[in-house]
Peer 1: 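The structure is given below, and queries will be raised subsequently.
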Amino acid sequence: IAALCLGLLGSLRQASNQLDISNYHITLRDGMAGHRCRQIPHQQLAAVWVIRPLFGRWFNFGRLGLQLQDGEVVWSPVIHAPYLAKQALIA
């Protein structure tokens, strides 16, 4: 029963991850109820790349790596269709 509860809690946590892309900034929300939230203006982005594990390739999920102008690297939460998110950021 404990393993089932932990699995359910982990699934809820992953389902609450969110990446919002607007015309002016990117909002990264991670954790249940938006526990961690960060906004990044588009002008601060220097590079964007996608990391997908083996299961991520099969089920189309992964993370975005965002390098900022000052050299800091910010990782997105695990999201579905990371290449679509990367194309939206580039456009």
Side-chain angles (χ1 to χ4, degrees):
I1 293 176
L4 180 63
C5 289
L6 285 176
L8 181 61
L9 195 62
S11 297
L12 287 174
R13 184 183 179 283
Q14 287 298 328
S16 66
N17 291 342
Q18 188 174 2
L19 174 73
D20 294 327
I21 302 170
S22 73
N23 292 338
Y24 304 106
H25 61 270
I26 303 155
T27 304
L28 302 168
R29 288 192 184 110
D30 189 16
M32 295 172 75
H35 182 262
R36 286 179 281 176
C37 184
R38 181 166 182 183
Q39 287 188 343
I40 302 169
H42 284 291
Q43 296 87 3
Q44 287 187 354
L45 285 179
V48 179
W49 64 93
V50 175
I51 298 291
R52 292 193 316 171
L54 180 62
F55 288 123
R57 292 183 195 122
W58 292 346
F59 299 110
N60 196 18
F61 67 86
R63 299 176 82 180
L64 292 179
L66 308 169
Q67 184 173 13
L68 306 182
Q69 295 290 340
D70 62 0
E72 179 185 3
V73 175
V74 178
W75 291 98
S76 76
V78 176
I79 59 172
H80 184 318
Y83 281 106
L84 289 176
K86 179 182 175 185
Q87 290 175 353
L89 281 174
I90 292 172

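Since we're looking at a predicted model, the values are computed, not measured.
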Peer 1: Tell me the side-chain hydrogen bond (donor to acceptor under 3.5 Å, both in side chains) pairs involving residues 68-81, sequence neighbours left out?
Peer 2: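 As it turns out, the side-chain hydrogen bond (donor to acceptor under 3.5 Å, both in side chains) pairs with a partner in residues 68-81, which skip direct neighbours, are Arg38-Glu72.
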
Peer 1: Could you note down all residue pairs passing salt bridge (Lys or Arg N to Asp or Glu O under 4.0 Å) where residues 77-91 supplies at least one of them, sequence neighbours left out?
Peer 2: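 For residues 77-91: none.
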
Peer 1: Give, for atom OG1 of Thr27 and atom CG of Leu19, the distance between the pair rounded to the nearest 0.5 Å.
Peer 2: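 Between atom OG1 of Thr27 and atom CG of Leu19 there are 8.5 Å.
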
Peer 1: Could you state the interatomic distance from CD (Gln39) to CZ (Arg29), rounded to the nearest 0.5 Å?
Peer 2: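 Interatomic distance, Gln39 CD to Arg29 CZ, rounded to 0.5 Å: 7.5 Å.
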
Peer 1: Locate the shortest heavy-atom distance separating Tyr24 from Gln43; write the atom from each residue and the value.
Peer 2: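 Tyr24 and Gln43 have their closest heavy atoms at O-OE1, 4.4 Å.
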
Peer 1: Which value, rounded to the nearest 0.5 Å, describes the distance between Asp20 atom CG and Ile26 atom CD1?
Peer 2: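 With rounding to 0.5 Å, CG (Asp20) is 10.5 Å from CD1 (Ile26).
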
Peer 1: Give the cluster check for Val78 versus Ile40: same hydrophobic cluster or not, with ILVMFWY residues linked at side-chain heavy-atom distances below 4.5 Å.
Peer 2: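 No, Val78 does not connect to Ile40 through the hydrophobic network.
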
Peer 1: Output the distance between atom CD1 (Ile79) and atom CG (Leu28), rounded to the nearest 0.5 Å.
Peer 2: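 The CG atom of Leu28 is 9.0 Å from CD1 of Ile79, to the nearest 0.5 Å.
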
Peer 1: What residues, two or more places apart in sequence or in another chain, satisfy side chain to side chain contact (heavy atoms under 4.5 Å, CB included) together with Leu54?
Peer 2: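 Per chain and number, Leu54 pairs via side chain to side chain contact (heavy atoms under 4.5 Å, CB included) with Arg57, Trp58.
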
Peer 1: Mind checking the CG-CG spacing from Leu89 to Leu66? Nearest 0.5 Å is all I need.
Peer 2: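 These two atoms lie 6.5 Å from each other.
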
Peer 1: Mind checking side chain to side chain contact (heavy atoms under 4.5 Å, CB included) for Pro53 and listing every partner two or more places apart, or none if nothing turns up?
Peer 2: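 Pro53 satisfies side chain to side chain contact (heavy atoms under 4.5 Å, CB included) with Phe61 only.
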
Peer 1: Identify the heavy atoms of Gly62 and Pro82 that sit nearest to each other, and give their distance.
Peer 2: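 Scanning both residues completely, I find the closest heavy atoms to be N-CG, 3.8 Å.
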
Peer 1: Any donor-acceptor pair under 3.5 Å linking the side chain of His42 with the backbone of Ile21?
Peer 2: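 Absent.
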
